[in-house]
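Heads up: the structure comes next, in structure tokens.
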Amino acid sequence: MTDSLPTPAPALDQPYDPARVEPRWYAFWEEHGVFQASDAASDTRPAYFLPMPPPNVTGSLHMGHAQRATLEDTLTRWHRMRGFNALWQPGIDHAGIATQLVVERQMAREGLDRRTLGRDAFVEKVWLWKAESGGRIAVQQRVLGASPDWSRSKFTMDADMNRAVVEAFVRLHEEELMYRATRLINWCPECMTSLSDLEVDNEEGANGEIFEFAYPVEGGGEIVVATTRPETMLGDTAVAVHPDDPRYTALHGKRVQHPFVPRSIPIITDAILVDPKFGTGAVKVTPAHDFNDFATGKRHGLEEINILNLDGTINANGGPFAGKDRKEARRAVKRALEERGLARGSKPHSLTLPRCQRSGGVVEPMISTQWFLKMQPLAERALQAVRDGETVIVPDEWKKTYDHFLGSIQDWCVSRQLWWGHQIPAWHNRDTGEVVVARERPARCAGEDWTQDPDVLDTWFSSALWPFATLGWPEQTPALAKFYGAPQSDLETAYDILFFWVARMMMMGLHFMGKVPFRRILLSGLIVDETGDKMSKVKGNVIDPLDLVYGATFSEMVKKTLPGAPEAEALSKFKKAYPSAAAMGSGFPAFGADAVRFTLATYPPSNKRIALAPKRIEGNRHFLNKIWNASRLALELLGDFSWPDPVAERKGGPRGFYNRWIASRFAAACAAAEEGLDAFRIDEAALAAYRFFWGDLCDWYLELAKPVLRKPPPHVHPEAVPETRATLAYVLEGSLRLMHPIMPFITEELWQRVPKPAARKATIAFGPYPTLADERAARDPEVEAEMEMFQAVISAARAVRAEHDVDNKADVPLRLRSADPAVLSALRAHAAAIRLFVKTRGDPEFESASGAREAGTIVSVVPSARGSVEVLVGLRGLVEREAELARIDREMKKIERDVAALGKKLTSPGFVDRAPKEVVEEAHAQRNALLEAKARLEAARELAKEL
RNA sequence: GGGCGGGUAGCUCAGUGGCAGAGCGCUGGCCUUACAAGCCGGAUGUCGCAGGUUCAAUCCCUGUCCCGCCUACCA
């Protein structure tokens with residue numbers, strides 16, 4: 001284990017620079033086993049398992065990946081700090097979609113065509129690219145502080161996964177859930193492969209036309225049908241009418257003649273297919289190229305005539321049109337119909353076009369022999385598990401979507417005619433057509449007449465096995481026993497792969513392991529651009545998270561996402577998608593991984609579309625700088641403080657007011673963070689930490705501690721110095737731990753330099769995570785309430801100063817008045833602090849009566865339930881009458897508005913007798929306080945008139 | 001066609017049956033020995049529209065208009 005870190009430790013008095021902090025910790029964490037989970041039987045810590053999803057296929061691949069890595073790593077770190085045996089299972093999907101994406105891009109870049117390259121050469125190249133893609137994705141994980149230990153799995157994963165995939169396939173086949181069948185499937189002529197229903201995107205509102213033409217009826221007459229795909233008429237094997245449609249009764253049982261191929265076609269009646277109100281009421285039936293027609297064909301025993309080759313050209317069944325491309329054929333068929341006088345016109349029609357998710361090409365329904373997985377029995381259990389609450393989906397509105405999908409699921413076409421992926425473990429006999437499914441090539445299939453099925457499996461098939469395949473299944477490994485389906489197992493992913501991945505993992509997990517793979521499923525939003533559009537290459541609005549982390553110019557970025565496009569055009573697309581980024585100049589500065597992580601963490605899961613606003617990252621980047629500088633100050637103030645410290649460890653926590661207050665605020669932040677993380681509300685945890693650190697610790701406590709620790713004023717209690725030091729040390733070290741899961745790098749860097757108890761381990765990542773259980777962090781509502789009043793008084797006095805442009809260096813006489821002696825004495829205890837924050841001339845004075853005021857005194861009134869406090873600021877000679885009257889008016893307006901609202905409420909019929917007693921009482925109290933404040937303010941106005 | 005979600009400050013978004021919030025932006029004043037990536041102030045809203053329930057609605061209900069997503073075989 002090395003003690004040296006890769007870069008020299010950055011000096012604290014330099015501004016925070018993520019580039020000099022973040023790279024220092026990857027290897028350190030790895031060496032200390034931060035990412036390791038134990039599968040030893042002797043380890044009795046609660047097990048926590050969180051599988052990392054394979055990268056998805058959408059344009060937001062990169063950002064989505066960063067988002068998931070962030071949330072998953074945050075949760076995992078939190079669990080580890082709490083002493084859980086947390087396993088975050090990373091991995092590069094062996095044959096996954098990321099690979100496909102990379103392979104496709106790479107092939108395009110190198111101008112290769114897989115059809116001419118040859119399979120062996122192709123596969124070799126894929127391996128090469130795969131390693132590269134894995135590396136790229138792993139870098140991304142590293143940057144986000146996720147496990148860098150991906151190399152372990154990179155090369156073994158394929159073999160391990162393959163064994164699991166084969167085992168699963170064979171077992172499913174034995175159970176007769178996996179079967180081979182010839183039926184209509186989705187075929188992408190551009191990719192030359194079959195697709196599952198989920199891989200087809202339906203493009204709505206495409207402009208098309210509905211074309212009508214006539215079939216001549218044998219024996220005279222004609223019947224007019226309509227279609228949006230005229231070329232499919234080459235495969236028509238029937239014309240259907242509704243049995244009860246009087247217009248066609250005479251034609252029942254007759255036949256029509258196909259105009260282009262020698263085929264006589266029956267007119268059939270079918271009440272399911274035909275809606276007599278639509279179009280002409282007669283439908284052409286093409287069983288081989290339309291899902292409805294296929295079903296109709298089955299009902300009527302119609303012939304299925306395939307007219308397409310696999311590449312989308314018309315085959316020999318198309319007669320004179322054979323060899324033409326789909327589009328060409330469409331035009332040619334229309335023209336030919338017109339020439340024969342059979343065309344009956346066309347009209348525009350908006351239709352939904354099925355498109356291939358990968359290539360964007362129009363998908364054709366095609367008759368084909370494929371492997372299918374029977375879904376219903378599998379889906380039933382997955383459905384039940386969520387219904388019974390064995391697995392909880394968060395946010396729960398997704399439950400309905402999940403139910404709907406699984407409730408109406410079709411069998412899954414799992415075979416693909418691609419060259420990468422897990423090859424199907426089946427052997428075909430060339431001569432007999434016999435098919436044998438086995439784990440390994442059976443001896444009897446050794447001959448040359450036997451070949452392995454050339455198809456591979458849908459990548460989502462192997463992904464579905466992920467939760468247990470990555471733990472060693474089918475072997476019964478200790479890791480599998482410990483982590484699979486452990487009570488604390490969560491899944492975090494974006495909702496777009498709920499069907500692709502989550503539902504299928506549920507089904508496979510239940511089927512092969514007998515229990516659910518995870519107990520909670522967190523579905524987070526999809527990252528979109530600033531205007532709300534999905535990230536896609538076409539739109540030129542893709543952002544690579546690494547560019548946010550390391551910084552990049554916009555022209556570099558668009559060159560990556562839109563290679564080859566004119567730069568000016570690409571840039572304008574980009575800036576349109578990110579208006580706030582466009583305002584940032586010519587590029588992103590290096591925000592650092594922590595800032596990106598923190599920003600991604602602050603979006604709540606209920607937010608379905610996460611509009612990435614670079615400005616928000618910038619704001620959070622400022623927060624990191626704040627943490628950096630505050631820690632520097634704290635370290636200076638702490639001086640030679642070190643643990644163990646008798647005052648810090650004294651029972652009962654701090655005694656001084658401000659120390660108790662910050663401890664209480666810290667406790668509140670811990671409680672909020674705990675609650676947030678536990679409920680998958682990482683945003684709440686992040687915001688609680690943010691508000692506490694900046695709003696409480698920096699804005700108030702550090703300011704208060706500064707004078708005490710630098711040169712204690714004479715009136716400070718002798719205990720105050722050591723206690724403030726101890727409290728500061730405690731809160732500083734604690735808040736770093738509090739924020740670590742969300743911002744691992746900066747917190748580690750600072751934590752290493754901060755005094756800490758001997759019980760702490762080598763890295764902050766080992767926790768413990770701060771909780772309310774620590775007695776030094778105890779809520780104290782009374783202290784907090786008093787502090788709030790104190791803060792309000794300070795704000796009022798500062799506002800007066802600011803309103804009158806009092807020079808920051810000038811001090812002013814301050815007098816505080818309250819009718820309540822308790823309030824007065826509480827405030828008196830804060831005299832020194834008030835002097836500090838308001839910059840008063842001497843200590844402020846306190847008085848109970850509203851006696852005479854010196855001329856030139858400005859009065860601001862702080863309403864309070866315990867009687868309002870008058871804040872009198874002496875500004876003789878510094879104030880302009882008009883400005884002061886305007887200020888009072890503004891203050892008055894605010895009060896009057898509130899009084900009016902309360903008055904309306906209190907006088908409205910029913911409120912007093914029907915509303916809960918507390919609410920009514922509170923309203924009264926508030927109103928009285930406001931009225932009192934108003935009276936005082938009126939007096940102040942009279943006074944101001946004399947200015 | 002069906003389902004789901006969203007419309008809150010100029011922008012990105014929180015939020016609650018009881019006086020509407022944050023960050024950024026805008027604005028006035030400050031280079032106050034942690035921090036100008038900062039500090040202290042300030043302004044800003046018919047909480048999409050119309051009804052209903054309620055003492056009280058931005059929140060619950062109904063309708064409606066936009067926007068988005070998912071899903072479906074209407075030729």
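The chains referred to below are lettered A, B, ... by the order of the sequence lines, with proteins before strands, and numbering in each begins at 1. Only this structure's heavy atoms are used, side chains among them; waters, hydrogens and symmetry mates stay out.
Here, B:G23 and B:C60 have their C1' atoms 30 Å apart, quoted to the whole Å. Straight-line distance between the P atoms of B:U58 and B:G7: roughly 15 Å, to the nearest whole Å. Distance noted for atom C1' between B:G38 and B:C47: 33 Å (whole Å). Comparing the same atom, P, in B:U12 and in B:C35 gives a spacing of 35 Å after rounding to whole Å. One C1' atom belongs to B:C74, the other to B:A20, and the distance between them is 48 Å to the nearest Å. On the P atoms, B:A34 is 29 Å away from B:U27, given to the nearest whole Å. Straight-line distance between the C1' atoms of B:A37 and B:C24: roughly 13 Å, to the nearest whole Å. Taking atom C1' in both B:U44 and B:G28, one finds a spacing of 15 Å when rounded to whole Å.
Comparing B:A37, B:A14, B:A75 by their closest approach to the side chain of A:Asn625 singles out B:A37. The side chain of A:Leu633 has B:A34 as its nearest neighbour among B:A75, B:A37, B:A34. Here the side chain of A:Ser795 is nearest to one of B:C39, B:G41, B:G25, namely B:G41. The side chain of A:Leu198 lies closest to B:U71 when the candidates are B:G23, B:A34, B:U71. You'll find that the side chain of A:Arg616 is closest to B:U12, out of B:A34, B:A75, B:U12. Of the candidates B:A34, B:G28, B:C69, B:C69 carries the atom nearest the A:Tyr495 side chain, counting heavy atoms from C-beta on. The side chain of A:Ala799 lies closest to B:G41 when the candidates are B:A75, B:G41, B:A34. Nearest nucleotide to the A:Asn292 side chain, out of B:C24, B:C39, B:C73: B:C73. Closest to the A:Glu703 side chain, of the nucleotides B:A37, B:A34, B:C24, is B:A34.
For the pair A:Trp628 (side chain) and A:Gln14 (backbone), a donor-acceptor distance under 3.5 Å is present.
Salt bridge status for A:Lys298 with A:Glu304: present, with a side-chain N to carboxylate O gap under 4.0 Å.
For B:U71, the OP1/OP2 oxygens have no side-chain nitrogen or oxygen of A:Thr401 closer than 4.0 Å. For A:Trp700, no side-chain nitrogen or oxygen approaches OP1 or OP2 of B:C40 to under 4.0 Å. Within the structure, a side-chain polar atom (N or O) of A:Arg681 is placed less than 4.0 Å from OP1 or OP2 of B:G15. Applying the 4.0 Å criterion to OP1 and OP2 of B:A14, one finds that A:Arg691 has every side-chain N and O outside that range. Side-chain nitrogen and oxygen atoms of A:Lys626 include none within less than 4.0 Å of the OP1 or OP2 phosphate oxygen of B:G38. Within the structure, a side-chain polar atom (N or O) of A:His622 is placed less than 4.0 Å from OP1 or OP2 of B:G38.
Among the heavy atoms of the strands, none lies under 4.0 Å from A:Thr602. Heavy atoms of A:Leu687 sit nowhere under 4.0 angstrom from any nucleic acid atom. Across all strands shown, A:Phe499 has heavy atoms under 4.0 Å from sugar-phosphate atoms exclusively, and none from any base. Residue A:Pro365 is out of contact with every strand shown, counting any heavy-atom pair closer than 4.0 Å. A:Arg632 comes within 4.0 angstrom of the backbone, heavy atoms only, and of no base. Counting any heavy atom pair closer than 4.0 Å across all strands shown, A:Lys839 reaches no nucleic acid atom.
Straight-line distance from the CD1 atom of A:Ile527 to the P atom of B:C69: 17 Å, rounded to whole Å. The separation between A:Trp694 atom CH2 and B:A34 atom C1' is 13 Å, rounded to whole Å. In this structure, the CG atom of A:Asp275 is 11 Å from the P atom of B:A75, given to the nearest Å. The nearest whole Å value for the distance from the CZ atom in A:Phe598 to the P atom in B:G23 is 12 Å. Protein atom CH2 of A:Trp398 is 12 Å distant from nucleotide atom P of B:C4, rounded to whole Å.
Nucleotide B:G5 has B:C67 as its partner under the Watson-Crick or G-U criteria, with both atom distances under 3.5 Å. A 3.5 Å limit on both hydrogen-bonding distances identifies B:U27 as the Watson-Crick or G-U partner of B:G41. Nucleotide B:A22 forms a pair with B:U12, judged by Watson-Crick or G-U wobble geometry with both contacts under 3.5 Å. Of the nucleotides present, none pairs with B:U46 by Watson-Crick or G-U wobble criteria with both distances under 3.5 Å.
For the residue pair A:Asn620 / A:Thr599, a side-chain donor-acceptor distance below 3.5 Å is found, with atom types taken as modelled. A donor atom on one side chain and an acceptor atom on the other are found under 3.5 Å apart for A:Arg299 and A:Thr296. Between the side chains of A:His300 and A:Asp270, at least one donor N or O lies within less than 3.5 Å of an accepting N or O.
Comparing A:Arg798 and A:Arg710 by the nucleotide of RNA chain B whose heavy atom lies nearest to each, the residue mapping closer to the 5' end is A:Arg710. Closest-nucleotide positions on RNA chain B for A:Glu636 and A:Ala226 were compared, and the one nearer the 5' end corresponds to A:Glu636.
Remark: A:Glu675 CD is loosely packed, at most 12 non-hydrogen atoms of other residues, nucleotides or ligands lying under 6.0 Å away. A:His622 NE2: more than 12 foreign heavy atoms inside a 6.0 Å radius.
The base of B:A14 has none of its N or O atoms less than 3.5 Å from a complementary donor or acceptor on the side chain of A:Glu684.
The shortest side-chain heavy-atom distance between A:Thr286 and A:Thr237 does not fall under the 4.5 Å cut-off.
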